[in-house]
Amino acid sequence: MSDHDQMAQEATARIAASEDLTALEALRVEYLGKHGSVSALLKTLGKMSPEERQEKAPAIQGLRQTVADALASRKAELEAAELEERLASETLDLTLPAGAGPKGSIHPVSQVMDELAEIFADLGFAVATGPEIEDDWYNFTALNMPESHPARAMHDTFYFPDPAPKGGKMLLRTHTSPVQIRTMMDKGAPVRIIAPGRVYRSDSDATHTPMFHQIEGLVIDRDIHLGHLKWTLETFLKAFFETEDIVLRLRPSYFPFTEPSVEVDVGFAIENGKRILGGSGDEPGHGWMELLGSGMVNRRVIEFAGLDPDEWQGFAFGVGVDRLAMLKYGMDDLRAFFDGDTRWLEHYGFSALSQPTLSAGVGERA
Ligand code: PHE
């Protein structure tokens, strides 16, 4: 038997007998490390004449391969054994009562989104979603904002450096309105959806954060008119704020993707320095607060989404979820929503066990 064969035999035997990963690593260093014995043999190849190298190289390289293979297979065995051992020893007692550990709670944003889904489900709306990383075609162009449109500048958009696959730019969506386009293109008409989700604008103060949440509403059908929009918003806001005493003011406005466009304000009273929803904002000691944007879907948008605007009409609205949460549950600084401070969550959070339902009251704290 050659020296190399003998070395291979001895190495594979020792490797197979190694008891743990530490011992195995020591053997790897001993043979294949920088100063290892097999490495030393490999180095001798450099000093040989070409003829000698041709003769000896296969045996030395074969030895290195044998040792490397033995190390790899023993490593896999030892790792599998270690995993088995950990699985046997680290058990998790799923029968422990949940109250024993730290308590989590539902964030007010999630709570409000669940409340809205519940309210709109009762009105026959499905929940739709779309990507947060959008193509500027969906976020702007198809919403009747061509490249040079001044409304694009009002959105303080975060753009990505790379171009979009179909040309144009990739961006973080600045509103949930691109889901209108995606839904009409995917599902056709009629449509009755809400689309909750994160949106992004480069803006930050007590009432603006670079990421915030919106819910988009879209209804497309035959013979839909402004009366349907007004009724839907009134019904939704009364259910959400759990009071019949909601007075809305519809104000003419402008969005490129709706025509006509309507901004909706709610009346509130000031009591002890706090805003209390209810009553007309025109009464003494009262005011109006802007709540959401809406309007009849612009026929160009319906066309962009591949539908015939002479057959299909509808309305859309977009409302800030965080703002709804602040109004209903009395927080005054939006930035605290995203600080991840457990004391804030303990104060404003909701029990995971209290699902909002219309029958029990959508905003009950457990
Ligand atoms: N997307 C608009 C915004 O973010 C809101 C909106 C939605 C207006 C739908 C009209 C219709 O300001």
Side-chain angles (χ1 to χ4, degrees), residues 107 109-110 112-113 116 127-187 191 193-218 220 253-259 261 263 290-295 297-307 316-326 333-340:
H107 195 285
V109 169
S110 307
V112 166
M113 285 190 178
L116 295 173
V127 173
T129 54
E132 289 167 31
I133 297 175
E134 260 298 6
D135 187 310
D136 72 356
W137 190 82
Y138 290 100
N139 196 83
F140 291 128
T141 312
L143 289 162
N144 197 29
M145 283 183 269
E147 206 147 321
S148 56
H149 200 287
R152 284 197 179 202
M154 283 164 52
H155 280 223
D156 299 313
T157 313
F158 290 112
Y159 286 100
F160 286 90
D162 328 281
K166 284 180 285 180
K169 286 179 175 159
M170 294 302 282
L171 46 79
L172 289 174
R173 68 176 178 191
T174 58
H175 51 179
T176 42
S177 301
V179 185
Q180 290 186 30
I181 306 295
R182 289 183 175 274
T183 307
M184 285 187 268
M185 290 178 84
D186 286 356
K187 305 260 154 59
V191 173
I193 53 122
I194 55 166
R198 297 189 185 100
V199 299
Y200 302 82
R201 289 183 203 179
S202 173
D203 209 349
S204 188
D205 59 35
T207 52
H208 298 87
T209 49
M211 185 279 297
F212 59 104
H213 300 83
Q214 287 189 334
I215 281 205
E216 193 81 7
L218 175 68
I220 298 285
S253 182
Y254 173 75
F255 298 102
F257 33 93
T258 48
E259 184 57 40
S261 300
E263 241 159 340
E290 188 188 316
L291 205 57
L292 55 85
S294 64
V297 180
N298 191 310
R299 51 183 292 128
R300 289 191 40 93
V301 172
I302 293 177
E303 247 166 28
F304 268 118
L307 298 175
F317 57 88
V319 51
V321 175
D322 318 88
R323 175 176 288 204
L324 285 179
M326 289 168 89
D333 193 334
L334 180 61
R335 288 167 295 194
F337 276 56
F338 311 116
D339 281 346

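Nothing fancy with the numbering, it's 1 onward along the sequence.
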Trainee: Is there side-chain contact between Leu324 and Leu116, with heavy atoms separated by less than 4.5 Å?
Mentor: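 Side chain of Leu324 against side chain of Leu116, heavy atoms only: contact under 4.5 Å found.
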Trainee: If you take all heavy atoms of Asp135 and Ala164, which pair is closest and at what distance?
Mentor: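 Closest approach of Asp135 to Ala164: OD2-CB, 3.9 Å.
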Trainee: Can you name the nearest heavy-atom pair linking Glu263 to Gly293, along with the distance?
Mentor: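 Answer, listing the atom of Glu263 first, then Gly293: CG-CA, 4.3 Å.
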Trainee: Decide if the gap between the ring center of Phe337 and the ring center of His213 is smaller than 6.0 angstrom.
Mentor: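 When the ring centroids of Phe337 and His213 are compared, they turn out to be at least 6.0 Å apart.
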Trainee: Would you mind reporting whether Phe255 and Leu143 have side-chain heavy atoms less than 4.5 Å apart?
Mentor: no
Trainee: Any chance you could measure Phe158, atom CZ, to Arg201, atom CZ, to the nearest 0.5 Å?
Mentor: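 Nearest 0.5 Å value for the CZ-CZ distance: 11.0 Å.
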Trainee: Side chain to side chain contact (heavy atoms under 4.5 Å, CB included), that's the test. Do Phe160 and Leu172 meet it? Break it down for me.
Mentor: CA-CA 8 Å; Phe160 286 90; Leu172 289 174; 3.9 Å; yes
Trainee: Find out whether Thr174 and Asp156 are in side-chain contact, i.e. whether some heavy atom of one side chain is under 4.5 Å from a heavy atom of the other.
Mentor: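 No - every pair of side-chain heavy atoms lies 4.5 Å or more apart.
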Trainee: Look up atom OG1 in Thr183 and atom CD1 in Ile193, then write down how far apart they are to the nearest 0.5 Å.
Mentor: 4.0 Å
Trainee: Where do Pro196 and Val127 come nearest, in terms of heavy atoms and distance?
Mentor: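 Looking at all heavy atoms of both residues, the closest pair is CD-CG1, 3.7 Å.
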Trainee: Just wondering, are more than 12 heavy atoms of other shown residues or ligands nearer than 6.0 Å to CZ in Arg152?
Mentor: yes
Trainee: State, yes or no, whether a side-chain contact exists between Phe212 and Pro210 at a heavy-atom distance under 4.5 Å.
Mentor: no
Trainee: From His107 NE2 over to Met113 CE, what is the distance, rounded to the nearest 0.5 angstrom?
Mentor: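 His107 atom NE2 to Met113 atom CE measures 10.5 Å (nearest 0.5 Å).
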Trainee: Can you find a pair of side-chain heavy atoms, one from Met145 and one from Phe257, that are under 4.5 Å apart?
Mentor: yes
Trainee: Measure the acute angle between the ring planes of His175 and Phe140, then classify it against the limits of 30° and 60° as parallel, tilted or perpendicular.
Mentor: tilted
Trainee: How close do Ala305 and Met185 get, heavy atom to heavy atom, and via which atoms?
Mentor: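 Looking at all heavy atoms of both residues, the shortest contact is O-CG, 3.5 Å.
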Trainee: Restricting to non-hydrogen atoms, name the atom on Ala142 and the atom on Ile181 that form the minimum distance, rounded to 0.1 Å.
Mentor: O-CD1, 3.5 Å
Trainee: Do the non-hydrogen side-chain atoms of Met326 and Leu334 ever get within less than 4.5 Å of each other?
Mentor: yes
Trainee: Roughly how far, to the nearest 0.5 Å, is OG of Ser261 from CZ of Phe317?
Mentor: 15.0 Å
Trainee: Within 45° of the axis and under 6.0 Å from the centre of the six-membered ring of Tyr138, does NZ or CZ of Arg182 qualify?
Mentor: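 Because its charged atom sits under 6.0 Å from the ring centre and within 45° of the axis, Arg182 does stack over Tyr138.
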Trainee: Are Thr176 and Ile215 side-chain neighbours, meaning at least one heavy-atom pair lies under 4.5 Å?
Mentor: no
Trainee: What residue among Leu218, Ile220, Ile302 forms side chain to side chain contact (heavy atoms under 4.5 Å, CB included) with Gln180?
Mentor: Leu218
Trainee: Could you check whether any side-chain heavy atom of Asn298 comes within less than 4.5 Å of a side-chain heavy atom of Thr258, counting everything from C-beta outward?
Mentor: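 Asn298 vs Thr258: side chains apart.
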Trainee: Which of these passes side chain to side chain contact (heavy atoms under 4.5 Å, CB included) with Val179: Glu216, Met184, Arg173?
Mentor: Arg173
